Amino acid sequence: MDILEGLNTAQKSAVMVTSGPLLILAGAGSGKTKTLIHRIAYLIEQENVNPDTILAVTFTNKAAKEMRQRLSALLNSSNSRLFMPWMGTFHSICVKLLRIDGASIGISNNFIIYDEEDRQSLVKRAVKELGIDNKSLKVRSISSAISSAKNNLVSPEEYEATATFTNQKNIAKIYEKYERLKKNSGALDFDDLLLETVNLLESKPEVRKKWQNVFKHILIDEYQDTNAPQYKIVKLITNKDRNICVVGDDWQSIYSWRGADFTNILNFEHDFPGAKVVKLEQNYRSTGAILEAANNVIKKNTKRTDKKLWTGSGMGEPVEIIESRDEADEAFAVSNKISSQAELGARNFGDFAVLYRTNAQSYPFERAFMQFKIPYQIIGGVRFYDRKEIKDIIAYLRLIYQPNDAVSFNRIVNVPSRGLGATSVERFLLSMESGDNSILSALANAYNINGITPRAKAAFQNLGSILNDLSTMSETVSPSKLIEELIDRIDYLNLLNDGTSQADERKNNIGAMISDALNFADLSSFLEEVALMSSVDTNSDKEKVTLMTIHAAKGLEFPVVFMVGMEEGVFPSARTFDEGPDVLEEERRLCYVGMTRAREELKLSYARSRLQFGQRSYNSPSRFLSDMSVEGTYSYVNHEELIDDYNQVEQKINIPIFVVGDKVKSAAFGVGQVIDANGSIVSVRFNSGYVKKLNAEFARLEKVI
DNA sequence: CGGTTGCACTTTTTT
DNA sequence: AGTGCAACCG
């Protein structure tokens with residue numbers, strides 16, 4: 001049987017137990033994804049299960065995409081998505097359910113999705129409308145308080161009832177107002193997608209039964225990182241046959257700050273009595289040295305299950321600890337190692353990953369990689385769709401699609417500038433409260449508004465007609481074409497011509513969005529993709545060094561991993577110091593996740609000093625380094641040598657870059673002209689008649705002007 | 001109304 | 001160090 005080939009005993013039984021609840025406890029690198037894919041293939045091919053009745057929930061869109069590709073390769077099917085199971089994140093599956101059945105709980109099918117920035121913008125509005133003026137209450141923290149309330153299934157009324165301090169009472173009021181404003185805007189936020197699905201499945205038995213009937217086999221990946229609403233959804237969509245398979249590892253739970261609760265996985269057998277449990281404990285990814293060090297770190301946690309992860313392969317290279325003087329030195333040390341391995345031909349750039357605790361740590365590496373000419377890519381950080389120019393266009397599109405979207409209206413009402421300031425916009429919104437509640441019709445009737453100038457009236461009406469025209473157009477033209485028309489109509493590219501060096505990049509981004517939109521048939525699906533696409537979902541380039549946070553690296557693996565910034569106050573983060581032990585345990589799990597991404601070589605690096613918040617701080621090496629310590633497994637790199645190297649390279653870097661036609665002077669050969677240049681290898685025709693091919697790094701060439 | 005200047009704050013992690 | 005925001009002026 002093809003499908004079972006290449007699986008170990010535990011993996012085989014995880015594939016073949018196809019009825020009833022199943023818990024797969026999969027240690028890091030134990031072939032979890034492979035097992036899941038084989039399990040789905042087995043259901044389809046061996047048990048003739050209709051793919052449409054299988055639901056597989058992944059943690060990221062990227063993971064779903066990868067699973068789809070690997071499954072289609074295994075099934076040897078032509079890459080058709082038609083015969084594919086339902087695959088996606090909880091959020092994307094919920095969107096599908098709500099678009100289809102949301103109407104029964106009062107959610108219109110053209111709802112739009114608010115991201116964190118949209119939420120904060122609406123919170124700001126709520127604070128303003130309520131007249132709350134309290135500087136100790138920041139929009140950011142209000143937003144996160146609301147989000148965590150929602151993730152704990154606490155309604156505004158319940159929040160209000162338990163509020164004691166003034167700040168809490170204020171947050172309760174803002175929470176309530178925020179919910180109302182959001183509803184008026186025809187929008188759902190990320191948390192709503194889950195909550196409203198719970199609400200739908202709980203309150204409408206016929207809808208629940210319908211979906212229970214659709215999903216005959218359910219698989220949930222990364223179950224240790226499910227939160228309360230997600231847990232409820234799992235329970236609600238599982239039918240009486242209980243063909244529910246969850247996969248996870250409590251040692252790798254790193255999202256509790258987002259409401260994830262790893263006791264969900266610990267309680268699975270209790271929630272689904274009679275569940276079978278399969279443990280995948282053989283690690284196929286990492287060397288013995290890496291695994292041993294990682295185990296030593298996780299061992300220090302008290303709240304965890306016991307399991308013994310083992311490998312059949314040898315110890316391999318010792319885990320290496322690199323000490324550097326400061327963050328620039330650290331970036332240099334990493335670049336130096338990558339560069340020399342790549343030059344030797346021992347590794348490709350794509351074999352390396354640099355993992356850090358926070359996105360802000362990427363900067364020195366970007367600089368060093370540029371100097372070393374190391375190709376790199378950053379995964380995560382600012383999403384493509386979070387760029388200002390992209391969000392402006394998206395705001396227009398959303399407003400066209402959902403004419404009540406107040407957040408988008410606020411964003412674009414004066415972009416590009418139409419002479420509409422805060423006062424006019426306030427008066428406009430005030431007039432809306434008493435009359436129209438559709439922004440579009442209010443714009444058309446703007447001449448009725450009292451207290452605004454004729455110029456402002458005309459500007460509102462003009463915006464109204466732009467939106468109206470495009471809205472009509474959107475029914476017949478593609479999203480891509482619609483964006484082009486929009487940009488033309490509001491002369492947006494001209495707005496981007498602000499004389500700054502980023503103008504071209506911004507225009508390129510707009511171009512990239514237009515070509516991206518070509519993949520979508522209608523506005524609705526394009527907006528949905530834009531909202532749910534996360535920053536870690538971008539395709540990675542196999543020829544480049546990957547830079548990302550440890551969180552973003554979950555589920556991935558690389559031959560060589562550098563974990564950088566291994567310092568107290570960086571990792572573990574300073575924020576954990578005044579929190580309870582649970583928070584530190586999560587940091588330690590995060591460390592474990594990072595270490596177990598490495599297949600062959602793991603290098604941990606710390607700097608004696610680092611620029612933090614614009615100040616130089618001197619942090620001691622991370623406690624995790626001493627946790628993992630095993631005699632004879634480590635080699636320390638002498639930082640003094642590194643500094644010498646660093647100075648050498650600084651000199652190298654200072655050599656000018658030569659282009660064809662440059663006049664140059666060499667101490668040995670005199671004056672000449674560059675006739676060919678490829679990096680530091682330069683061909684020069686000297687006035688003496690000689691043509692020499694020189695390495696500019698060593699030849700001490702000088703430019704002559 | 002819109003642009004500029006100065007000050008405060010930032011760094012967890014992301015669907 | 002870089003960004004976002006509030007206050008001020010033309």
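This structure is a prediction, so every number in the text was calculated from the model and none was measured. Order of the sequence lines fixes the chain letters, A, B, ..., with proteins taken first and strands second; residue numbering starts at 1 for each chain.
Here A/T576 lies out of heavy-atom contact (under 4.0 Å) with every strand. A/S92 comes within contact range of no nucleotide atom at all, as no heavy-atom separation falls under 4.0 Å. Within 4.0 Å (heavy atoms only), A/D192 reaches no atom of the nucleic acid at all. Within the nucleic acid shown, A/R140 comes within 4.0 Å of sugar-phosphate atoms alone, with no base atom in reach, counting heavy atoms only. Contact annotation for A/Y255: backbone-only contact, meaning every heavy-atom pair under 4.0 Å involves sugar-phosphate atoms and none involves a base.
What separates NZ of A/K138 from C1' of B/dC9 is a distance of 8 Å, to the nearest Å. A straight line from OH of A/Y231 to P of B/dT15 spans 25 Å, rounded to a whole angstrom. To the nearest angstrom, P of B/dT15 lies 13 Å from CG of A/L194. If you take CG of A/N359 and P of B/dT11, they are 10 Å apart, rounded to a whole angstrom. We find that CD1 of A/I254 is positioned 8 Å from C1' of B/dT13, with the value rounded to whole Å.
Taking the 5.5 Å centre cut-off and the 30° plane limit, the aromatic side chain of A/F613 is classed as stacked on B/dT11.
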Open item on the list: Would A/R411 and A/E117 count as a salt bridge (Lys or Arg N to Asp or Glu O under 4.0 Å) here? Give the steps.
Closed with: CA-CA 11 Å; A/R411 183 178 183 106; A/E117 195 185 330; 3.2 Å; yes
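Residue A/T549 places at least one side-chain N or O under 4.0 Å from the OP1 or OP2 atom of B/dT14. Side-chain N/O atoms of A/N227 include none lying less than 4.0 angstrom from OP1 or OP2 on B/dT15. Under 4.0 angstrom from either OP1 or OP2 of B/dG2 there lies at least one side-chain N or O belonging to A/S417. At B/dC1, one or more side-chain N or O atoms of A/T423 fall inside 4.0 Å of OP1 or OP2 (strictly under the cut-off). Distances shorter than 4.0 Å separate none of the side-chain N or O atoms of A/K554 from OP1 or OP2 on B/dT13.
For A/A360, the listed nucleotide lying nearest its side chain is B/dT11; candidates were B/dT13, B/dG2, B/dT11.
Judged by a 6.0 Å distance limit and a 45° cone about the ring axis, A/K182 is not positioned over the six-membered ring of A/Y114. A cation-pi contact, defined as under 6.0 Å to the ring centre and within 45° of the axis, links A/R99 to A/F111.
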